[in-house]
Peer 1: 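Can you keep this structure in mind? I'll have questions shortly.
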Amino acid sequence: MLVIVLENAPPRLRGRLAIWLLEIRAGVYVGNYSRRLREHIWNQVAEGIEEGNAVMAWRTNNEAGFDFVTIGRNRRIPVEMDGAKLVSFLPELSDVNRQN
């Protein structure tokens with residue numbers, strides 16, 4: 001299983017993803033492809049995301065049962081701790097201003 005979620009993506013990228021994947025909600029695409037095609041699809045996302053952001057998650061044989069990659073600016077960033085991939089949150093700009 002492959003899932004891609006786009007935010008603020010250009011319409012041409014959304015249309016391109018719709019060629020391979022089913023858009024089950026606005027900006028949420030699902031499918032079931034090989035590693036090679038998954039990497040090809042992700043390259044299309046990387047080339048077309050512009051100012052938006054995206055995450056791709058897929059099923060794999062690890063302790064969590066899945067892996068994911070991200071691209072673009074987002075408060076949620078992947079971090080690796082003791083071999084496990086987790087998600088960290090960057091502080092909001094308003095939180096940083098309050099501390100100063």
Peer 1: Test of understanding: clusters of I, L, V, M, F, W, Y form through side-chain heavy atoms closer than 4.5 Å, transitively. Do V69 and F66 belong to the same one?
Peer 2: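 No.
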
Peer 1: Let me check something: do L6 and L21 share a hydrophobic cluster, defined by ILVMFWY side-chain heavy atoms less than 4.5 Å apart, either directly or through other members?
Peer 2: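 Yes.
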
Peer 1: Would you say V5 and M1 are hydrophobically clustered, going by side-chain heavy atoms of ILVMFWY under 4.5 Å?
Peer 2: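 V5 clusters together with M1.
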
Peer 1: Could you pull out the closest heavy-atom pair between P10 and G48, with the gap in Å?
Peer 2: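 P10 and G48 have their closest heavy atoms at CG-O, 3.1 Å.
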
Peer 1: Under 4.5 Å between side-chain heavy atoms, hopping through other hydrophobics if needed: is there a path connecting V28 to V55?
Peer 2: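 Yes: a chain of side-chain contacts under 4.5 Å links V28 to V55.
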
Peer 1: Is it the case that over 12 heavy atoms from other parts of the model lie below 6.0 angstrom from the CZ atom of R16?
Peer 2: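 Not buried by this count: 12 neighbours or fewer within 6.0 Å.
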
Peer 1: Roughly how far, to the nearest 0.5 Å, is CD1 of I24 from OH of Y29?
Peer 2: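 Here the rounded value is 11.0 Å.
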
Peer 1: Linking I/L/V/M/F/W/Y whenever any side-chain heavy atoms sit under 4.5 Å apart, do V45 and V30 land together?
Peer 2: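 Cluster IDs for V45 and V30 differ.
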
Peer 1: Could you note down all residue pairs passing side chain to side chain donor-acceptor pair (under 3.5 Å) where residues 55-69 supplies at least one of them, sequence neighbours left out?
Peer 2: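 Checked against side chain to side chain donor-acceptor pair (under 3.5 Å) - neighbours excluded - the pairs reaching residues 55-69 are D67-K85.
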
Peer 1: Distance-only, no hydrogens or angles: does the N53 side chain make a donor-acceptor pair with backbone N or O of I71 under 3.5 Å?
Peer 2: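 Such a contact is absent between N53 side chain and I71 backbone.
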
Peer 1: Taking C-beta and beyond as the side chain, do L13 and I49 meet within less than 4.5 Å on heavy atoms?
Peer 2: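 A side-chain contact under 4.5 Å exists here.
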
Peer 1: Quick one, E51 with R73, criterion side chain to side chain contact (heavy atoms under 4.5 Å, CB included). Give me CA distance, side-chain angles, the key distance, then yes/no.
Peer 2: CA-CA 8 Å; E51 297 298 316; R73 293 188 56 169; over 6 Å; no

Peer 1: If you measure from CD on Q44 to CD on E39, what distance do you get to the nearest 0.5 Å?
Peer 2: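 Answer rounded to 0.5 Å: 13.0 Å.
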
Peer 1: Atom CZ in R35, atom CG in L2: separation rounded to 0.5 Å?
Peer 2: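 Going from the CZ atom of R35 to the CG atom of L2 covers 13.5 Å.
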
Peer 1: When you measure from the side chain of Y33 to the backbone of W20, do you find a donor-acceptor pair of N or O atoms at a distance under 3.5 Å?
Peer 2: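 Such a contact is found between Y33 side chain and W20 backbone.
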
Peer 1: To the nearest 0.5 angstrom, please state how far the CG atom of L17 sits from the CG atom of L22.
Peer 2: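 Taking CG in L17 and CG in L22, the distance rounds to 12.0 Å.
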
Peer 1: Sorted by first residue and then second, give each salt bridge (Lys or Arg N to Asp or Glu O under 4.0 Å) pair with at least one member in residues 20-29; sequence neighbours left out.
Peer 2: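 Qualifying pairs, neighbours excluded: R14-E23.
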
